[in-house]
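Here is the structure we will look at, set down as structure tokens.
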Amino acid sequence: MVEPNDDMPLLEMRQVTRRFGALLALDNVSFSVRKSEIFGIAGPNGSGKSTLFNVITGIPFPPSEGEILLAGKPIHRLPPHQISRAGILRTFQKDAEFATLSARENVYASAVYCGRMTSTEAKEAADHALDDVSLKAERRAKAASDLSVFERKQLMIASAIAGRPKVLLLDEPAAGLTKPEVTGLSDLIFTVHRRGITVVLIEHVLPLLLNVSERLMILNHGAIIASGSPAEVVRNPEVVEAYLGKREARL
Amino acid sequence: HSADRIAKIGILAPLTGNSAADGNEMIDGAKLAVDEINAAGGVAGYKLQVVVGDTQNQSADAVTSAIERLAGDHDLNAILTGYASGSNFEIETMAEQDMPYLIWANSAQTRDIIAPHPDKFPTVWSMAPSLDEYNTAMVPVVKGLLADGKLRLRNTKVALISSDNPYSKTIMNGLKKSFESAGWTVTSADLLPFGEIDNWRTFLAKVRQDNPAVIINTDYQPGNAGKFLTQFLEQPTDSLVFIQYAPSVPEFLKLTGKQATGVVYNLLGGTLNTPANPRAAEVIKKYQDKYGHEPGTYGPALYEEVMVYADALAKVGDPTKRSAIGKAIGDTHKQIVSGKLSFDAKTHLANQGDDSIPIQFFQIWDGKRVLFYPKQYADGEFRMPPWMQQ
Amino acid sequence: MALHDGKLRNSKVWLIGVLLIAGLLVPIFVQDSYLRHLFIISFVYGIVAASWDLSLGYAGIFNFAHVAFFGVGVYATGLTAKLLGIDPWAAMLIGGVAASAAAAIVALPVVRLQGVYVVLVTFAFSQLVMQLVINQSNLTGGTQGMVRVPTIWLPGYNFLRDYKLGYYYVALGLLVITTVCLRWLVRSDFGLSIRALRDNEDYAVSRGIPIAWQRLKALVASAFFTGLAGGFYVVYLRVASPEVFDFSTVSLILSMVLVGGTSSIYGPLFAALFLTFISEGLASINNFAEGRFMLVALAMIVVLLFFPKGLASALPAILAKNANQKRSRQPVTASADQALMTSTDKENEAEAASHSGVR
Amino acid sequence: MITSDILSAILVSGIVLGSGYALMASGLSLVWTTLGIFNFAHGVLMTLGAYIAWTVSDAAGLNFGLGLAIAVSAAIMIGAGILIERVIVRPFYDHRDILLVTVMTTLAAMIFMQKGIQLIWGARLKQLAPIATGNVQIWQTTISAQEALIIVVAPLLLGALWLFLDRSRTGRGIRAVGQNPDAARLIGIDVSRLFIITFALSAVLAGLTGVLLGSIRLLTPEFGSEPLVKALIIVIFGGLGSLGGTVVAAYLMGLLEAALVFFVGIYWAPSMIFLLLILVLLIRPQGLLGKVVR
Amino acid sequence: MSNNTNALEIAGLRAGYDASDVLLGMSFHVGPTERVGLFGPNGHGKTTLLNTISRVIRPRAGDVRFMGEPIDQLAPQKIVARGLIHVPQANRLFPDMQIMETLELAAFTPRAREELKTNLDYVLNLFPRLAERRRQQCKTLSGGERQMLSIGAGLMCAPRMLMLDEPTLGLSPKLKDELAEAISEISSRGIPLLLVEQDIAFILSLVDRMYLVDHGEIRREINRSGELDHQEIMDMYFGSEGA
Ligand SMILES: Nc1ncnc2c1ncn2[C@@H]1O[C@H](COP(=O)(O)OP(=O)(O)OP(=O)(O)O)[C@@H](O)[C@H]1O
Ligand SMILES: Nc1ncnc2c1ncn2[C@@H]1O[C@H](COP(=O)(O)OP(=O)(O)OP(=O)(O)O)[C@@H](O)[C@H]1O
Ligand SMILES: [Mg+2]
Ligand SMILES: [Mg+2]
């Protein structure tokens, strides 16, 4: 396989549409994410951000129309678990974990099934990933449901890293976190990024979003209303009107 | 002291599950006999005692467990039942243990197991005769009624229906054959799944199109029979209605009341309750006095099984001599509730015939059973059912 | 991967070892063929219950066809042994394979369905199998059943004439093999993946776990042991009858799984022994046919009231009496409390409240 | 060939069957669609209701008439419903596997009550006196007045139930409790009261069904097990959380069964129905009327 | 009820889950028309505290008084009936119910029903998105939409006092502003407020007084008059992290 170079789009959406009855949750969306960038997505509530992640991963539904390509290959017709194995891993806006499995098992499962590793490799990878997110060692044997909010975020990212993704899709990872935790999270995202993983980030917590994103795209009513460098985008009057509101714009 | 010795008798009976009513009656019938015998001082120095094995839903492991538990008791040297399983598979186990075993129902299965090697089953005997007469007796009886002018039929068409169990199915197929060879047209011979049937209307609508002179339902479950009859009478056709077995169950009469008047059924090996066989009335009365309700088939049946066993024990003198007891049972000649009992050495079934255990034809009239065939036992006459053109 | 408390684990290993030896010695002390028969039957049910737990408890599939798989095993073995004259030992294996094949067929629709719809399809499937068995009466004997199925044999040994000694060891052997295989399965990566699927389907798929394929494997594997048990059941009893498909059989074995505890292999095994012996023990009381079932039902409710996770959860609790108990996830909520609050609870609360009052 | 006579027979018996199924399923559907609990004791509650009515109306010396019988039966059923909720459902409110655990406890309750009924009333067949006597002709088919009564009563009961759940505050509250008890508490719903109301209501529905069916069928302690299985199939098939689905499924099954009995024979009808069920679920994995939500 | 009774008074409140204690004796109060904030690191018991006050969880010890009356022994629905409304964190709501059904149902107590019309208009006005999607099922809502519905449902209960647990979770910046305005509007009608929040800017813009919750205890009280700034509060966070 030819490794795509840095300029080549790693993840590409072509005229992607998703309908729910009469509602157009995604309206003819096209954009691409370059290899090794951190790509931010924002937009008002219900503008279709999570839906975008849903159709990319096929979990729980594929797009109604349009094409999605990973490194130039169409993936929108693959069964969802194949999409994950092809290298697109996501986190969920709602908490998602294997509640009865231990934290370590959570990560291990991802390494085995998504990263396609052998048992020994996977154990190592799991420990590595948990080290990366610095989940305390004594918490790793706890059932995932017993972890605290932040620990669950750590777990979520660790399990994603262990799956050896090419692209990591993060859906509002900072929701409900305290300031210091948000800072910790942005460090985490950089760590992931340094490993050569492309990150797509949906976030309403602006300090995080603006801090880490290299490029930013704003959705409204399922359509792209702005994209470019974060600094540019936040000055866009349409974005201020639809998303930021007056006060944040003043910042 | 010899009178203190105890001979236990195991009774296999379904005490829980669908057939619990039968099972309870089996136990009651056996206890009736045992109490009577013990009150008279026991047999051969032994007091009898009933031990019960619950066959639940008659599944193989429930039956086997019940047998194992009974047979594990060293004071227990005989097992009696109305029926234990659908296949009578337990007969082989009984033979392996030389266990005297009397069984009332499923005589076809019993014959299939025993007939190839009757000498391998010296202790197993069926109180019921072969059921072949169910297949063949009907046509001559109907012909007789027609000849006597008691029955008038519009055509020679017959509709048959059965549920999917060996008993009903065999009878339906037998009847089909005998009607066909008598030149009748069989308009339908439908099979129902075994179990509860609520809706007979669609079947009856089909039957109505053919307008057969005789309708025969060989499904034996009283609940189904009741519904069948009710739904038939909603829009009756001019046909003779025959229902297998179910009308002999006491509740059937109570439940259907006047509706059942005119329905015909027959019985092989059931109680022969007629002045010609006072034994039946006597046993039924004893049962009714003790338990307060009329018995069906299995109360008197188990009563008689205990009596037959007791006779054999009296003859042999020692319950542990199982083979001797088995042989003594085989030699039985005795008037019992269903007629004159003797056994066929080839099949180990009770002998069948007008002079041994006869087939009986009944018609229900005003909540009573009128035995109209065979003539020597009859206590009434066949009459045209009320729904038919008189 | 499971990270057990070391001590707890040790005592568990000990216990299992002791039980295994006890199992081997039972026939020496139990000469009575009735008791041996009960052991054999409870071993068979134990296998069926434990393997059901693989699909029901571990994989979280509401599989109501499990008893039908057992029936498929019973009839496949019975038919091949009786009609085709295949050696009963081999026929038992065929029972397992046939049950697995049936499971694969069920899996086709089941893997696409959500939650309780699985109940419906699996239930419908078991009814279909039963109908098939009943209406192929030329082969299967229909409702009457199939008698004189040949039994297993060994050179120079007659299973029928040894007061069930041979059957006992065959049943025990099957039980041990099944347990070992099931334990291995649930502790393998595969076991992890099906538990993950049960916990959170979408998330599992997002971590590359193929949902349909894993479920199919879980069903096929659990059916195999069940079919094997069915095969043994028929060569042991030498009769196959359609009552194995009865709802009462389903509820009996389901009660073993749930009383024993879902997501446990040993739990259902012990529950099978426990329930078989309790219910048979009560059977010898005269005039108690209904009472016996009522008592067993009551016992089931009581067990579930005190150990809602099944007996399996009671065992580690007893073993680890001193060890720090892991806390349960259930919050003590306002609704459950009235029902569960003991008098001491209330006293403590009142006391504590008055303390804070004076402060 | 289908004559109008046949068509009438199929339609009428389909509707009779369907109404019966709808009755059987209604109470089960109530607890299932609202609280997400499968009450396996539902069938035996039907049995109990019918036996109580029988005792009051038919048993020697207690001949008070059927109206009273139904009233007494309903009253006792309320008690039975409350008892079931208190003893075998409430302790598991917050259990993670509440569905599975209550399957088990209600199964145990079913066995307990069924054998208890056998102990009290014996195993012999009984029949309730019908509420309505005589025959009624519908189109070209005559049915008993009792069945005609069921045809009328079933839609009324179900309609009332639907209105109750969809429109009344208590009804909506019940649905809310089933979906999220904690959130329900926080808007002022008395969760345990609604649980009790639901179970009591469902038990009364079961009792009424038992009384209605008990006069066209024979009573045995196992009387309720076949209706339970039918109800189970219909409720699931109808779709999750949808009472309307249950009703449609009931009538559809009734008509389908009647038609299949005619066209493929009564023998193959059950197998065909099961096959069709599987096929429908393959095409609509969310049940007949369940909404596609992913 | 006199005008100077505290809206809420907590004394020595202890609660937890099975074996573990989470609240280790909390005491604080909310004045008659006061707006009070709670903040502190994750997992230190804020949600547990609100759950205990609204009695989703049973307290193990301590007093809770609402408008002068003890409520710690009351059933949750009675507390709601008195007007103490808790909008829980990350509420799943009723997955199979529609938006309008949920809002109408939320006015469950007799008192709330009387105000149903007015409150409904108010909520639909506050969150026009909810009005657009009346018939959408709760489980298909986006994260933010669900949060709006959850707050809306709380308002439908006719609150005499509101307890909001992280109301801004998952809301867009613009919506946060609007929510802040709405909340201050509500409290300006004399409805006392207890607000749990991680977004310091948001909380500072709304409250009169704050408590720092740490390891199940009230670690500090911060008065508005002291005019703490962002940075100091941040330091407190970091400080408490180490504790
Ligand atoms: N299964 C569905 N059926 C109907 N509508 C849906 C479904 N899923 C999502 N929607 C609607 O589609 C729109 C987009 O939803 P989405 O979850 O993508 O929003 P979002 O941008 O992630 O918002 P938020 O920031 O609040 O999470 C929303 O209005 C939502 O209500
Ligand atoms: N249902 C539960 N069972 C057992 N422990 C729980 C439960 N819910 C919370 N806990 C524990 O109680 C402690 C306090 O949790 P709580 O949710 O009250 O914190 P919080 O301050 O609200 O945090 P956050 O800001 O993350 O919402 C945590 O350690 C948590 O793990
Ligand atoms: Mg979203
Ligand atoms: Mg919280």
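Naming: A, B, ... by sequence-line order, numbering from 1 per chain.
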Q) What residue among E/L49, E/L50, E/N51 forms side chain to side chain contact (heavy atoms under 4.5 Å, CB included) with E/T47? A) E/N51

Q | E/G68 backbone acceptor or donor facing E/R65 side chain under 3.5 Å | A | yes

(Q) Counting only non-hydrogen atoms closer than 4.5 Å, does E/L105 touch chain D with its backbone (N, CA, C, O), its side chain (CB onward), both, or neither? (A) both

Q: Return yes when atom CZ of E/R135 has more than 12 non-hydrogen atoms of other residues, nucleotides or ligands closer than 6.0 Å, and no otherwise.
A: no

Q.
Only pairs of heavy atoms separated by less than 4.5 Å count here; which of D/A184, D/A183, D/A176 has the most with chain E?
A. D/A176

(Q) With a 4.5 angstrom heavy-atom cut-off, is it the side chain or the backbone of E/A81 that approaches chain D, or both, or neither? (A) neither

Q) When the ring planes of D/F195 and D/F199 are compared, do they come out parallel, tilted or perpendicular, using 30° and 60° as the limits? A) parallel

